[in-house]
Amino acid sequence: MMSMNSKQPHFAMHPTLPEHKYPSLHSSSEAIRRACLPTPPLQSNLFASLDETLLARAEALAAVDIAVSQGKAAAAAGQVAAASAAAAVVGAAGLASICDSDTDPRELEAFAERFKQRRIKLGVTQADVGSALANLKIPGVGSLSQSTICRFESLTLSHNNMIALKPILQAWLEEAEGAQREKMNKPELFNGGEKKRKRTSIAAPEKRSLEAYFAVQPRPSSEKIAAIAEKLDLKKNVVRVWFCNQRQKQKRMKFSATY
DNA sequence: ATGCATGAGGG
DNA sequence: CCTCATGCATA
């Protein structure tokens, strides 16, 4: 009965972030990426005359992928290209501010692993760490979800996100190891049943089409999205969000930067 | 561990 | 509408 799931009240959500967690990280990095993108995609006149054709083309590519037995080939190629671009950006920029040890991917990776190791040694779950962060009483820092802690440990967060979270998790780690020799206990609180969100699941065939399309055009216009949505019989918003998430995925540490 | 979703902030 | 940080729900 006591499903000890990771159900947390809503206290961890973004009730109206004070001013967002990491103020200075935004515009700069994005601007640099854009400014240094080596090759602005390809098709431009392709879209002018082709519409449904491109969609069909993308799906054809998906079919080819299947034949090659590597469903992710196209997407992978896109990621590689993006990774190269990102690497070139960092190299060309040569900015001291983003090249010191605190932002060094290797250091982040090393820390993430040490963190996980010590966390486990403390017998604490990812979810525990997340909620415990609120107890650190660090200004502007509340709790985090199991998802985020997991992603931090597996480096599946953006480089900037990793950098921002590192000091926070480091603080928790030291605090926790110090408190271990003592005695600690925190109260658990749960709330009754609320309306649960339902997660839409995109079927494999549709996903293949989306991936194929993404390979040729990662940022389809609203109109294209509508067309794709209709073609795949999905809600337009679902398709839009899928593309947004796909783009974010490309930027995660694990698939980015040459290090 | 990861897929789809939300919301702040920016343009 | 997008990006980005983040989370609920689920495989």
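Naming: A, B, ... by sequence-line order, numbering from 1 per chain.
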Can you list, pair by pair, the side-chain donor-acceptor contacts under 3.5 Å of residues 199-206 of chain A, counting residues two or more places apart and other chains?
none

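If you take CG of A:N161 and C1' of C:dT6, they are 8 Å apart, rounded to a whole angstrom. Atom pair A:R240:CZ and B:dA5:P shows a separation of 10 Å (rounding to whole Å applied). One interatomic measurement links the two molecules: CD of A:Q250 to C1' of C:dC2, which rounds to 14 Å at whole-angstrom precision. In this structure, A:F243 atom CZ and B:dC4 atom C1' are separated by 14 Å, rounded to whole Å. A:R199 places its CZ atom 10 Å from the C1' atom of B:dA5, with the value rounded to the nearest Å. Following rounding to the nearest Å, A:L144 (CG) and B:dT6 (C1') show an atom-to-atom distance of 16 Å.
The side-chain hydrogen bond (donor to acceptor under 3.5 Å, both in side chains) check on A:E174 picks up nothing, with sequence neighbours excluded.
Residue A:K235 is out of contact with every strand shown, counting any heavy-atom pair closer than 4.0 Å. Across all strands shown, A:R151 has heavy atoms under 4.0 Å from base atoms, whether or not it also approaches the sugar-phosphate. Among the heavy atoms of the strands lying under 4.0 Å from A:S147 is at least one base atom, whether or not backbone atoms are also near. Residue A:Q126 is classed as a sugar-phosphate contact, given heavy-atom separations below 4.0 Å to backbone atoms only.
One distance of note links CG of A:L133 with CD1 of A:I138; it measures 7.5 Å at 0.5 Å rounding. Taking CZ from A:R219 and CD from A:Q217, the interatomic distance works out to 8.5 Å, rounded to the nearest 0.5 Å.
Nearest-nucleotide positions on DNA chain C for A:N245 and A:S222 put A:S222 closer to the 5' end. Map A:T156 and A:N237 each onto its nearest nucleotide of DNA chain C; the residue landing nearer the 5' end is A:N237.
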